[in-house]
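Per chain, numbering begins at 1; letters A, B, ... match sequence-line order. Quantities reported herein were computed from a predicted structural model and do not represent experimental measurements.
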Protein chains: 2
Amino acid sequence: MAPQGLDRRPTLADVGRMAGVSPTTVSFVLNPRSKQTISAATRARVLQAVNDLGYRPNRTAQSLRRSRTGTIGIVVDEPAMEAFAGETVNGAHDLAWSEGSVLLVTHTGRRPHGMRLAMDELADRQVDGLIVTCSGTRALELPETLPPLPLVLANAFDDTYAVPCFLPDERFGGRETARLLCAAGHRRLAYLTGHAGAWATSLRLEGFLEEVEQHGVARGDVVVREGYYYVDSGHALARELLALPDATRPTAIACGNDRMALGVYLAAAEAGLRIPEDLSVVGYDDHEPVITQLRPQLTTVRLPLYDMGRLAAEALAHGSVGQLPQRTYLPCPAVPRDSVAAAPGRHTDGRGPRVRETGRARHR
Amino acid sequence: MAPQGLDRRPTLADVGRMAGVSPTTVSFVLNPRSKQTISAATRARVLQAVNDLGYRPNRTAQSLRRSRTGTIGIVVDEPAMEAFAGETVNGAHDLAWSEGSVLLVTHTGRRPHGMRLAMDELADRQVDGLIVTCSGTRALELPETLPPLPLVLANAFDDTYAVPCFLPDERFGGRETARLLCAAGHRRLAYLTGHAGAWATSLRLEGFLEEVEQHGVARGDVVVREGYYYVDSGHALARELLALPDATRPTAIACGNDRMALGVYLAAAEAGLRIPEDLSVVGYDDHEPVITQLRPQLTTVRLPLYDMGRLAAEALAHGSVGQLPQRTYLPCPAVPRDSVAAAPGRHTDGRGPRVRETGRARHR
DNA sequence: GTGAAAGCGCTAACAG
DNA sequence: CTGTTAGCGCTTTCAC
């Protein structure tokens with residue numbers, strides 16, 4: 001495929017020599033600019049040589065010259081790459097790739113000044129832009145002095161509003177959660193929250209309660225239990241609720257996240273309750289590693305991790321970071337699957353929960 | 001911190017100008033080589049200027065000159081970055097970082113020739129070496145023509161034995177699985193396999209049966225059920241087994257992986273059986289997203305994902321790829337947690353399952 | 001002890 | 001239409 005008679009990568013000069021032209025000419029052939037003035041014959045000979053030698057431009061040299069590396073840096077502000085951040089990285093990767101760029105990925109470890117070290121290391125390699133992300137949505141501690149580079153946050157924000165960011169619209173997601181349940185006719189609802197310290201927690205709950213009222217259920221009638229984002233919390237809270245007599249037991253439980261929903265599944269199994277016939281369950285996150293574990297498949301609401309990464313990379317690739325609003329909120333759309341059924345004794349319109357348009361990004 | 005009066009990153013020349021010396025001198029100060037001949041005074045002035053300007057070397061320029069980029073490429077041969085591969089990337093990342101390098105990460109997507117495109121894109125950026133990995137251990141289709149770069153596989157192998165690789169020692173892991181159970185006195189054992197097509201499946205089972213014999217249990221006495229690596233398979237298979245009368249029901253179930261173990265947990269909950277009192281369970285993989293979901297915590301066997309990434313990166317960083325054996329097998333060590341108890345009616349030595357030395361990497 | 005100069009591989013004026 | 005030349009920012013040999 002590339003029968004190069006050389007022991008090193010061929011250079012422009014090698015190609016030129018083989019085609020009997022100057023390196024410049026080769027460069028012109030390879031980088032068609034506006035005013036092309038290369039004869040068809042020369043072009044053909046050059047391309048032939050390029051092909052014969054298996055020539056590929058040295059992007060390091062190109063970068064030095066063009067002062068553009070075709071490289072986007074992404075630093076994950078965690079001790080390691082984690083599942084949630086992985087999705088964001090995927091989004092950034094795919095957009096970058098489609099623009100001919102690749103990703104320089106690092107994480108902050110547990111090092112002191114991890115963030116600054118990571119950013120510097122990437123900036124030194126002249127990345128064209130920088131994305132900072134993390135696993136759960138949160139405020140980031142950014143170094144005081146930022147490298148002079150386009151910078152965007154994904155699934156994270158900075159309290160000073162100095163750096164543009166992409167965030168999940170959690171209130172919207174909370175409303176979607178409620179809508180999935182209310183549209184199926186449920187009125188005895190329970191909501192199991194994640195831990196109160198997390199940025200998303202109160203927004204999800206607030207959205208849920210708002211939407212519930214739209215459906216004629218009083219906020220006060222929703223059984224809200226405070227927990228934390230793990231299986232055992234969902235398990236423990238659900239166990240209590242499911243021990244209630246049939247007449248007062250909630251017919252549907254909304255969970256702070258998918259892991260808690262798993263806990264609810266376990267509690268239901270123990271209580272001999274079937275999902276969704278006896279109990280409807282909605283999760284949150286649409287977190288693949290959990291989702292794939294559950295039968296029946298979990299109805300949930302999707303965190304736009306991939307999109308946050310994608311849009312962040314897009315802003316960098318298009319050089320439009322300057323025009324970005326301070327915060328862009330992306331919808332958390334409902335993902336109806338099999339864990340929600342009509343409330344016992346209720347009949348819905350038979351079309352299942354209506355999934356309304358998930359809407360475009362909102363800017364605030 | 002870096003009050004540069006410049007609108008661009010300062011260069012060596014800028015530093016030299018400020019310190020009143022040539023760029024050469026600055027370079028000498030910054031790159032202490034064997035024969036240092038810089039006066040203490042000059043050195044001090046230079047470092048002062050470096051500091052004042054917040055100078056950091058341009059690694060693109062360095063790379064061009066030194067023909068070494070301090071960059072390792074890793075391509076994940078999957079449509080996207082996945083959880084298992086993430087661990088391997090973490091291992092490679094951490095080793096690379098400790099050597100002053102960073103990772104250029106990409107995946108092959110679903111593109112035709114994805115692998116070649118990915119490798120080329122990284123090779124063009126002059127990575128110092130290349131790691132190829134994937135999510136589940138398997139043979140890789142490598143392009144016929146490889147870029148002239150050190151290349152190592154992690155959690156993958158090529159059938160032609162042309163490229164060195166790091167692999168999990170699955171047979172060893174299978175033996176560990178059995179040991180955890182046999183040491184606790186279990187003799188009525190069941191083994192639920194993953195799907196037969198996967199490279200690891202038969203090795204795990206074979207190791208299990210081998211070890212079981214060491215403990216005086218005939219291979220034929222082990223109830224082996226063929227399934228696949230998902231929760232529902234573990235669930236379905238376990239449901240059958242747990243329906244058996246107490247006297248013949250297995251007291252312990254070994255699972256092809258952690259997800260199947262989750263299925264066993266669900267079946268146990270439905271059957272009203274407690275883990276580990278009534279049933280001991282062992283998983284495989286030590287896959288964090290699943291592990292963290294289970295109560296009691298799952299006793300399992302660890303896949304050396306992180307280490308495969310780490311060692312692959314180490315070989316590249318140390319330039320020792322040439323000395324690598326064709327295949328290096330890393331141990332899958334037992335991870336005793338809470339899902340294994342002494343077999344009913346048996347008393348063990350009270351120290352729980354003995355965990356023997358997990359051993360070093362074996363080369364074949 | 002320090003600096004001038006050449007060059008890594010490529011691009012882009014500017015000549016011819 | 002094509003080639004010469006001058007760098008991008010850095011390292012390194014060799015001269016002073």
Q | Per-nucleotide protein contact string for nucleotides 7-12 of chain C, where B marks a base within reach and S marks sugar-phosphate only (heavy atoms under 4.0 Å, - for neither) | A | BBBBBB
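A salt bridge does not link A:Arg310 to A:Glu99: none of the charged nitrogens lies less than 4.0 Å from a carboxylate oxygen. A salt bridge between B:Glu144 and B:Arg116 is absent, with no side-chain N of the basic residue lying under 4.0 Å from a carboxylate O of the acidic one.
No donor-acceptor pair closer than 3.5 Å links the side chain of A:Ser67 to the backbone N or O of A:Leu64. Judged purely by atom type and a 3.5 angstrom limit, B:Ser22 uses its side chain to pair as donor or acceptor with the backbone of B:Thr25. A donor-acceptor pair under 3.5 Å is absent between the side-chain atoms of B:Asn155 and the main chain of B:Thr133, judged by distance alone. Looking at B:Asn90, its side chain never comes within 3.5 Å of a backbone N or O of B:Asp94 through a donor-acceptor pair.
Nucleic acid contact for A:Ser63: none, since no nucleic acid atom lies under 4.0 Å from a heavy atom of the residue.
Taking only side-chain nitrogens and oxygens, B:Ser39 never comes nearer than 4.0 Å to OP1 or OP2 of C:dG1. Phosphate contact (OP1/OP2 of D:dT2, side-chain N/O of A:Ser22, threshold under 4.0 Å): absent. The phosphate of C:dG1 (OP1 or OP2) has no side-chain N or O of B:Thr37 nearer than 4.0 angstrom.
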